[in-house]
Amino acid sequence: MLVRMRVVSFCHYLQGPAAAQYLADMGADVIKVEPPSGAWERHWSGANAYVDGISAFYLAANRNKRSLAVDLKHPDGQALVLRLLEGVDVVMENFRPGVMDRLGLGYGQVQARKPDIIYASATGYGASGPMALRPGQDLLIQALSGLIAATGNQRPTAIGFAAADQHGAALLAMGILGAYVRRLQTGEGTRIDANLLNAGLDLQTEPLTLYYSGHVTADAFRRDVNLATWYHEAPYGVYRIADGWLALSLNDPKKLAAALDSEALAALAGLDRYEERDRYARALAAELAPRRYDELVPGLDAQAIWYARVRDYDELPDDPQIRHNQVFRQVPVGERRATLVNHPLRYDGEVPPLRRLALRLGEDSRAVLAELGYGAAEIDDLIARRVVAAPDGEKTG
């Protein structure tokens, strides 16, 4: 779909790389520019998860890209990158404001050479403002955006993954696609600014609108431990059962009472299940606690109750629907195999292919420079002077 789109990504960590991966999965030629020491995500992985020496964190967000390793602080490195940018559609970067300008690669500097460029920047808090230069990271965004406060009930609770980063990546990719359509239609470039703080707030569009428009106070956050959110009525939540946990969505209380054959719940069916949500949730929890999942299913299904058993990660690969959706992909990494999460969309029923996985730093440096017109001797000289990095033992041409 995006086979004619050319992207240069100066991105590290997660938000920027994941956004570039969305575009790469859709066919864009994405060149990941890394320092000669390698992008940050090559050197760190949560849970100390490495596959044959390759960071699993790197593998999560750098599929289908080419790797060009170059010293952006060296004049010759800057020169070759500017030469590269003259032939691309999109520049992506997620440094703090001002870093790209100091490298001679800021929007104004690039746009002066290529007026139709799409220049997309992702920051923690925005390109300007009182927090612009502060470090932006997912947990900090969860705290500052109210997400942690709203998620907890007995105490503020963080979401157990980088939700703002991943959502921010999707928003950044969406913005680039919109700008690309505009460029195809009008020939005009676009300056795109994305940030994690806005992404964290955008994740909460529904509850924030309810909170401010309904003149709610923070007292609403306090609720029974079984209830999943502050703004849904009971039974919306997660409940302990004899052999695990059960999630219940919005459900008719009369049908739920019938599904559980519960006189206690039938007597509470007329309650205001928002104002008295704690009372209802406690009664429901008492009904569910001694029962096993298999004995609950017939009644829940007979009453068309919306429910799901809470599963852990060990159970996901064997789930029939997840297998049908082709969510996971096994790929060889050295002597081992890694499990990747595929691109989330399907195009004409197909999963976007895995075209490449640049496991080695600067794996494509020589090829990219050759495409720019550098001769073999020039490329070897740049590598010898450490302006460019490429895997050892390879020769140009």
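Positions are given from 1, in the same order as the sequence printed here.
Using modelled atom types, no side-chain atom of T157 and backbone atom of T151 make a donor-acceptor pair closer than 3.5 Å. Of the possible donor and acceptor atoms, one in the side chain of N251 sits under 3.5 Å from a partner among the backbone N and O of W306. Of the possible donor and acceptor atoms, none in the side chain of N226 sits under 3.5 Å from a partner among the backbone N and O of G237. The backbone N or O of A367 lies less than 3.5 Å from no partner atom in the side chain of D364, so there is not a single donor-acceptor pair. The closest donor-acceptor contact from the side chain of N64 to the backbone of M26 lies at 3.5 Å or more, if one exists at all. One N or O on the side chain of S55 and one on the backbone of F57 form a donor-acceptor pair closer than 3.5 Å. Under a 3.5 Å cut-off, the side chain of R323 and the backbone N or O of D318 do form a donor-acceptor pair. Listed for the E41 side chain is a donor-acceptor partner under 3.5 Å among the backbone atoms of Y13. The backbone N or O of R355 lies less than 3.5 Å from no partner atom in the side chain of R63, so there is not a single donor-acceptor pair. Distance alone, capped at 3.5 Å, places no donor-acceptor pair between the R366 side chain and the E363 backbone.
Inter-residue side-chain proximity for D138 and F161 is flagged as unmet; no heavy-atom pair is nearer than 4.5 Å. At a threshold of 4.5 Å between non-hydrogen side-chain atoms, the residues D243 and R292 count as touching. Counting heavy atoms from C-beta on, the side chains of P17 and N94 come closer than 4.5 Å. By the 4.5 Å heavy-atom criterion applied to side chains, L284 and L268 are not counted as neighbours. Looking only at side-chain heavy atoms (C-beta outward), L23 and M92 come within less than 4.5 Å of each other. L260 is listed as a side-chain neighbour of L288, based on a closest heavy-atom distance under 4.5 Å. Looking at D278 and L227, their side chains come closer than 4.5 Å, going by heavy atoms from C-beta outward. A 4.5 Å side-chain heavy-atom check between Y125 and L133 finds every atom pair outside the cut-off.
Considering NE2 of H74 and CG of L80, their distance stands at 10.5 Å, rounded to 0.5 Å. Rounding to the nearest 0.5 Å gives a distance of 7.5 Å between CZ of R222 and OG1 of T217. Distance check, rounded to the nearest 0.5 Å: CG of N198 to CG of L171 gives 9.0 Å. The CZ atom of R360 lies 10.0 Å from the CD1 atom of I54; values are rounded to the nearest 0.5 Å. Y22 OH to Q166 CD: the interatomic distance, rounded to the nearest 0.5 Å, is 4.0 Å. Separating the OH atom in Y119 from the CD atom in Q109 is a distance of 7.5 Å, to the nearest 0.5 Å.
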Practice problem: Start with the C-alpha gap between R42 and S37, add the side-chain angles, then the distance that decides, and say whether side chain to side chain donor-acceptor pair (under 3.5 Å) holds. | Solution: CA-CA 9 Å; R42 287 187 183 270; S37 59; over 6 Å; no
Practice problem: Could you check Y236 against S249 for side-chain contact (heavy atoms from CB on, under 4.5 Å), going step by step and ending with a plain yes or no? | Solution: CA-CA 5 Å; Y236 197 91; S249 183; 3.7 Å; yes
Self-check item: L2 and L177: CA distance, side-chain angles, deciding distance, side-chain contact (heavy atoms from CB on, under 4.5 Å) verdict
Solution: CA-CA 9 Å; L2 300 179; L177 289 175; 3.7 Å; yes
Quiz item: Do D89 and V7 pass the side-chain contact (heavy atoms from CB on, under 4.5 Å) test, and can you show the C-alpha distance, the side-chain angles, and the key distance before you say yes or no?
Solution: CA-CA 6 Å; D89 304 296; V7 179; over 6 Å; no
Quiz item: Can V388 and D76 be said to form a side-chain contact (heavy atoms from CB on, under 4.5 Å), step by step?
Solution: CA-CA 9 Å; V388 172; D76 290 343; over 6 Å; no
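Contact record, L59 with A338: CD1-CB, 3.8 Å, taken as the closest heavy-atom pair. Closest of all the heavy-atom pairs between M100 and F10 is CE-CD1, 3.6 Å. Shortest non-hydrogen contact noted between P97 and A132 is CD-O, 3.4 Å. Contact detail for M5 and I176: the closest heavy-atom pair is CE-CG2, 4.4 Å. Residues A69 and P36 approach most closely at CB-CA, 4.4 Å, considering heavy atoms. Among all heavy-atom pairs drawn from I159 and Q142, the shortest one is N-OE1, 2.9 Å.
Summarising the local packing, CG of D261 is surrounded by 12 or fewer heavy atoms from other residues, nucleotides or ligands at distances under 6.0 Å. Heavy-atom neighbours of R4 CZ from other residues, nucleotides or ligands within 6.0 Å: at or below the threshold of 12. The environment of R134 atom CZ is sparse: at most 12 non-hydrogen atoms of other residues, nucleotides or ligands sit within 6.0 angstrom.
Using cut-offs of 30° and 60° for the angle between ring planes, the F221 and Y211 rings count as tilted.
A donor atom on one side chain and an acceptor atom on the other are found under 3.5 Å apart for S67 and E34. No side-chain donor from either of T229 and R223 sits under 3.5 Å from a side-chain acceptor of the other. Side-chain contact of D25 with Q21: a donor-acceptor pair under 3.5 Å is absent, judged by distance alone.
Annotation: cation-pi pair R102/F95 absent, no NZ/CZ under 6.0 Å from the ring centroid and within 45° of its normal.
Note on V387: it clusters hydrophobically with L85, by side-chain heavy-atom contacts below 4.5 Å among ILVMFWY residues. Cluster annotation: V91 is connected to L72 through the hydrophobic network of ILVMFWY side chains, with a link wherever side-chain heavy atoms come within less than 4.5 Å. In the hydrophobic cluster analysis, where Ile, Leu, Val, Met, Phe, Trp and Tyr join through side-chain heavy atoms closer than 4.5 angstrom, V30 is grouped apart from V33. Connection of L103 to I117 is established within a shared hydrophobic cluster, with ILVMFWY side chains joined at heavy-atom distances below 4.5 Å, either directly or through further cluster members. Y280 and V238 end up in different hydrophobic clusters when Ile, Leu, Val, Met, Phe, Trp and Tyr side chains are linked at under 4.5 Å.
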Review item, side-chain donor-acceptor pairs of residues 324-332, under 3.5 Å, at least two apart:
residue: N325; atom: OD1; partner: Q321; partner atom: NE2; Å: 3.0
residue: R329; atom: NE; partner: N342; partner atom: OD1; Å: 2.7
residue: R329; atom: NH2; partner: N342; partner atom: OD1; Å: 3.0
residue: R329; atom: NH2; partner: P352; partner atom: O; Å: 3.0
residue: Q330; atom: NE2; partner: T339; partner atom: OG1; Å: 2.6

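A salt bridge between D116 and K114 is present, with a side-chain N of the basic residue lying under 4.0 Å from a carboxylate O of the acidic one. The pair R385-D71 does not count as a salt bridge, with every side-chain nitrogen at least 4.0 angstrom from each carboxylate oxygen. A salt bridge links D29 with R66: the distance from a Lys NZ or Arg NE/NH1/NH2 to an Asp or Glu carboxylate oxygen falls below 4.0 Å.
Taking the salt bridge (charged side-chain N to carboxylate O under 4.0 Å, His left out) definition, one finds that R282 meets it with nothing, sequence neighbours left out.
The aromatic ring centroids of Y58 and H43 lie 6.0 Å or more from each other.
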